[in-house]
Amino acid sequence: MKLEGKVPPGSLGEKWTKFKSTVPLVAPNNKRRIEIIVVGTGLAGASAAATLGELGYNVKCFTFHDSPRRAHSIAAQGGINAAKNYQNDGDSVYRLFYDTIKGGDYRSREGNVHRLAEVSRNIIDQAVAQGVPFARDYGGLLDNRSFGGVQVSRTFYARGQTGQQLLIGAYQALSRQIALGSVEMYNRHEMLDIVKVDGKARGIIARNLLTGEIERYAAHCVVLATGGYGNVFYLSTNAMNCNVSAAWRAVRRGALMANPCFTQIHPTCIPVSGDYQSKLTLMSESLRNDGRVWVPKKLEDAKAIREGKKTGLDIKEEDRDYYLERRYPAFGNLVPRDVASRAAKVACDEGLGVSPTGLAVFLDFAAAVQRYGKSAANVQGIHNPDAATITRLGEKVVEEKYGNLFEMYEKITGENPYKMPMKIYPAVHYTMGGLWVDYNLETNVPGLFALGEANFSDHGANRLGASALMQGLADGYFVIPYTIGTFLSNDIRTPKFDPDSEAFMEAEKAVKDRIDQVLNVKGNQSVESFHRRLGKIMWDYCGMSRNADGLRSARQMVVELRKEFYQDVFVPGSNDEYNPELEKALRVADFMEMGEVMILDALNREESCGGHFREEYQTEEGEALRRDDEFAYVAAWEYTGWDDEPVLHKEELMFENVELKTRSYK
């Protein structure tokens with residue numbers, strides 16, 4: 001199978017403009033005849049459904065939540081990038097493009113990334129028009145802050161609730177189209193299969209989660225905006241319902257899974273505290289604007305902190321190692337996420353961790369409190385403030401910037417981060433891999449499109465902070481409304497598809513058989529126990545660092561665990577009722593297959609790049625060692641079942657506008 005990225009010809013800055021001017025269109029009178037299914041209501045799904053509905057298409061939108069507003073996009077904290085250059089600090093479309101390519105360690109398509117940088121500017125205008133309450137400076141202008149991997153301030157934010165506010169904006173646009181009748185909303189419905197007719201995606205099989213009824217839905221094309229697969233690790237910052245099933249069912253119908261080993265470990269999360277945990281909590285990357293990351297220099301100090309005999313406040317300044325500032329002076333605490341996460345692991349592996357488990361480092365705001373306090377005192381005309389005044393004023397400024405994040409941290413840990421340094425450690429947060437798509441966001445299955453985190457297209461081997469919201473809204477509001485015409489313009493005379501046809505009935509039977517298979521095992525172990533064991537295998541052997549021997553062992557462990565699952569899992573209840581355990585069982589079954597392909601991809605990619613760190617391939621300084629001569633490609637995997645070895649298809653990456661070189665943040 002030859003993979004065609006379909007990136008249009010021409011100079012980099014003109015590709016998208018020329019594409020929009022020449023793309024096949026569907027006339028308004030013909031749009032009324034065409035049906036589109038959108039699965040997912042996060043930023044990508046909600047914005048796509050709303051925009052396609054407004055264009056005149058008949059849209060059916062599905063979510064397994066009780067409301068579109070429950071989608072996990074609501075949890076995003078820190079901000080959204082856009083090349084507006086409002087700070088006049090040297091930002092531009094090209095700089096955002098270059099930062100994204102470099103941040104992704106040169107493993108993404110130039111054409112897709114430059115389009116993302118161009119469109120980013122429109123997103124802010126759209127969101128402001130919707131009333132999204134972005135932070136503003138004293139004069140009322142939109143404010144910005146910095147995120148990792150860049151040297152400009154281009155991140156727009158709404159305190160620590162940016163995802164929530166942007167999702168409310170997309171939701172109100174979606175609600176308007178629902179009210180007008182152009183979008184038909186299906187809450188509490190989970191997609192369990194893709195239906196192909198003559199090789200093209202023409203519908204889905206969904207389960208009504210309240211009644212258990214299996215339902216068939218037909219359309220001219222299907223758009224998946226169902227997020228990533230981070231919960232394959234069990235413990236992650238994702239909501240517990242986040243899953244890979246929609247995307248994986250597409251893979252089972254012939255779609256390719258691209259770069260699945262590229263998973264992002266976020267450096268600032270509340271550390272694991274025990275085996276009883278079922279999820280982890282993110283602390284926004286925006287905190288690294290003002291927080292300084294450090295560990296004690298002395299092993300005895302770290303041990304004393306772990307044992308509760310000392311706290312971070314007891315460690316003198318000269319006995320602290322601000323290791324990111326030391327190792328990466330040009331970027332300091334704002335290095336990209338993969339770099340910061342590996343550095344934290346190295347510090348803890350050396351015995352310098354500061355939590356009882358030994359897996360935590362400090363994120364300290366004391367210097368920021370003093371800096372802001374002195375500035376605030378000066379503004380108020382207090383020219384010789386005492387220490388208490390400086391601290392009080394400084395904490396007030398920090399509270400205005402990060403108050404909800406500090407409150408969340410204190411509620412979870414019981415420690416006051418205004419007085420004590422935060423304890424943080426890396427955790428699974430995002431997946432750069434996803435369904436393979438071309439420039440049109442269409443998978444290799446005609447008529448099946450994938451948006452946002454569900455596809456692989458923009459972030460390479462590592463996503464920069466605040467770029468997930470940017471991609472989701474770019475794909476939904478500004479890309480898919482154009483590119484979907486390349487497929488649908490050939491369907492303007494295609495009649496509606498009959499959900500009672502043979503292809504739909506066969507797909508429904510396959511879904512019911514799969515459900516019965518899981519229900520009929522009637523074993524002794526819970527679904528949760530299998531998921532936890534899978535997650536531990538994935539984290540231990542395919543997490544922050546990987547090696548060939550460990551990956552080979554892990555693959556065998558996952559295969560054996562999957563066999564055990566189908567021999568001894570216990571799923572209570574039946575299909576004909578509300579049954580969250582059945583929902584979970586189907587998702588975990590898909591995670592097991594996905595996990596095997598992730599391991600295989602990590603084993604195949606004999607280099608280190610971005611979030612994929614192979615211990616055999618590192619520089620003398622312990623940095624990632626890329627092998628561009630052999631691995632400058634997208635690895636797209638075809639998976640047909642347990643009995644067949646997954647097949648690797650390659651899309652070679654061409655770099656005509658940036659020079660391939662080793663990343664340096666020093």
Side-chain angles (χ1 to χ4, degrees), residues 1-27 48 51 55 83 92-123 200 221 223 255-256 258-259 432 434-452 455-461 467 470-471 474-492 628-629 631-636 649-661:
M1 183 188 304
K2 182 172 173 55
L3 297 179
E4 295 286 350
K6 298 182 181 177
V7 177
S11 64
L12 186 66
E14 296 178 351
K15 289 180 188 292
W16 178 235
T17 301
K18 287 186 175 180
F19 177 88
K20 290 190 294 182
S21 301
T22 57
V23 67
L25 299 177
V26 179
T51 308
L55 285 172
S92 65
V93 168
Y94 183 84
R95 192 177 293 276
L96 174 52
F97 155 75
Y98 179 77
D99 287 344
T100 305
I101 289 282
K102 177 184 176 183
D105 221 350
Y106 304 92
R107 290 296 177 263
S108 49
R109 274 197 212 115
E110 284 189 341
N112 288 59
V113 175
H114 196 275
R115 175 177 65 188
L116 177 65
E118 291 179 65
V119 167
S120 70
R121 300 169 299 177
N122 305 119
I123 298 170
K200 300 178 181 179
C221 70
V223 177
L256 302 180
N259 297 337
M432 286 74 66
L435 292 173
W436 182 89
V437 293
D438 60 20
Y439 191 76
N440 300 327
L441 304 184
E442 187 174 16
T443 69
N444 59 298
V445 176
L448 179 63
F449 296 80
L451 314 184
N455 73 33
F456 87 100
S457 70
D458 293 335
H459 305 297
S467 287
M470 174 175 64
Q471 186 206 353
D475 287 355
Y477 280 136
F478 300 108
V479 179
I480 196 65
Y482 283 98
T483 62
I484 204 166
T486 59
F487 178 79
L488 292 178
S489 59
N490 298 314
D491 269 350
I492 58 175
D628 296 330
D629 55 331
F631 293 98
Y633 63 75
V634 177
H649 303 276
K650 299 180 182 180
E651 180 199 344
E652 299 294 334
L653 291 170
M654 308 300 294
F655 294 94
E656 301 170 347
N657 298 276
V658 297
E659 178 188 355
L660 276 173
K661 57 185 179 182

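Bear in mind that the values here come from a model prediction, so they are computed numbers and not experimental data.
With sequence neighbours excluded, no residue satisfies salt bridge (Lys or Arg N to Asp or Glu O under 4.0 Å) with Lys650. In terms of the side-chain hydrogen bond (donor to acceptor under 3.5 Å, both in side chains) criterion, Ser21 has no residue partners (sequence neighbours excluded). Under the salt bridge (Lys or Arg N to Asp or Glu O under 4.0 Å) criterion, Lys20 pairs with no residue, sequence neighbours left out. A search for side-chain hydrogen bond (donor to acceptor under 3.5 Å, both in side chains) contacts involving Trp436 returns Glu651, not counting sequence neighbours. Applying the side-chain contact (heavy atoms from CB on, under 4.5 Å) rule to Ser108 yields the partners Ile101, Val113; only residues at least two apart in sequence or on another chain are considered. In this structure, the side-chain contact (heavy atoms from CB on, under 4.5 Å) partners of Ser489, at least two apart in sequence or on a different chain, are Pro24, Val26. Every side-chain contact (heavy atoms from CB on, under 4.5 Å) that Glu656 has, sequence neighbours left out, goes to Glu110. Qualifying side-chain hydrogen bond (donor to acceptor under 3.5 Å, both in side chains) partners for Tyr633, counting only residues two or more places apart in sequence or in other chains: Asn604. Partners of Phe655 according to the ring-ring contact (aromatic ring centres under 6.0 Å, His included) rule, which considers only residues two or more places apart in sequence or in another chain, do not exist here. Not counting sequence neighbours, the partners of Asp491 by the side-chain hydrogen bond (donor to acceptor under 3.5 Å, both in side chains) test are Arg202, Thr494. Residues that satisfy the side-chain contact (heavy atoms from CB on, under 4.5 Å) test with Asp628, not counting sequence neighbours, are Arg107, Arg626, Leu660.
Separation of atoms OH (Tyr98) and CD (Glu659) is listed at 7.5 Å; rounding is to 0.5 Å. Between the NE2 atom of His114 and the OH atom of Tyr94 there is a distance of 8.0 Å, given to the nearest 0.5 Å. Atom OG of Ser467 and atom CE of Met470 lie 3.5 Å apart (nearest 0.5 Å). Leu3 CG to Asp438 CG: the interatomic distance, rounded to the nearest 0.5 Å, is 10.0 Å. Interatomic distance, CG of Asn455 versus CG of Leu435, reported as 7.5 Å (0.5 Å rounding).
A 4.5 Å side-chain heavy-atom check between Met432 and Asp458 finds every atom pair outside the cut-off. In this structure, Tyr439 and Asn112 have side chains that are in contact, with non-hydrogen atoms separated by less than 4.5 Å. Put simply, the side chain of Arg109 reaches to within 4.5 Å of the side chain of Phe456, judged on heavy atoms. Two residues are said to be in side-chain contact when any heavy atoms from C-beta on lie closer than 4.5 Å; Leu448 and Glu442 fail this criterion. Side-chain contact check for Arg121 versus Ile123: every heavy-atom pair is 4.5 Å or farther apart. Between Val7 and Lys15, some side-chain heavy-atom pair lies under the 4.5 Å cut-off.
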| request: Show your working on side-chain contact (heavy atoms from CB on, under 4.5 Å) between Lys102 and Val658 and close with a plain yes or no. | output: CA-CA 9 Å; Lys102 177 184 176 183; Val658 297; over 6 Å; no

| request: Report the C-alpha distance between Tyr106 and Lys661 in whole Å, list the side-chain angles of each, state the deciding distance to 0.1 Å, and finish with yes or no for side-chain contact (heavy atoms from CB on, under 4.5 Å). | output: CA-CA 8 Å; Tyr106 304 92; Lys661 57 185 179 182; 3.9 Å; yes

| request: Could you go through the side-chain contact (heavy atoms from CB on, under 4.5 Å) check for Val223 and Leu451 one step at a time? | output: CA-CA 7 Å; Val223 177; Leu451 314 184; 3.6 Å; yes

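Shortest non-hydrogen contact noted between Arg115 and Trp16 is CD-CE3, 3.3 Å. Closest non-hydrogen pair, Ala450 versus Thr443, comes out as CB-CG2, 4.3 Å.
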Could you list the donor-acceptor pairs under 3.5 angstrom formed by side chains in residues 474-488, with sequence neighbours left out?
| from | atom 1 | to | atom 2 | distance (Å) |
| --- | --- | --- | --- | --- |
| Asp475 | OD2 | Gly452 | N | 2.9 |
| Asp475 | OD2 | Gln471 | NE2 | 3.3 |
| Tyr477 | OH | Gln130 | NE2 | 2.9 |
| Thr483 | OG1 | Asn440 | O | 2.9 |
| Thr483 | OG1 | Val479 | O | 3.4 |
| Thr486 | OG1 | Thr483 | O | 2.6 |

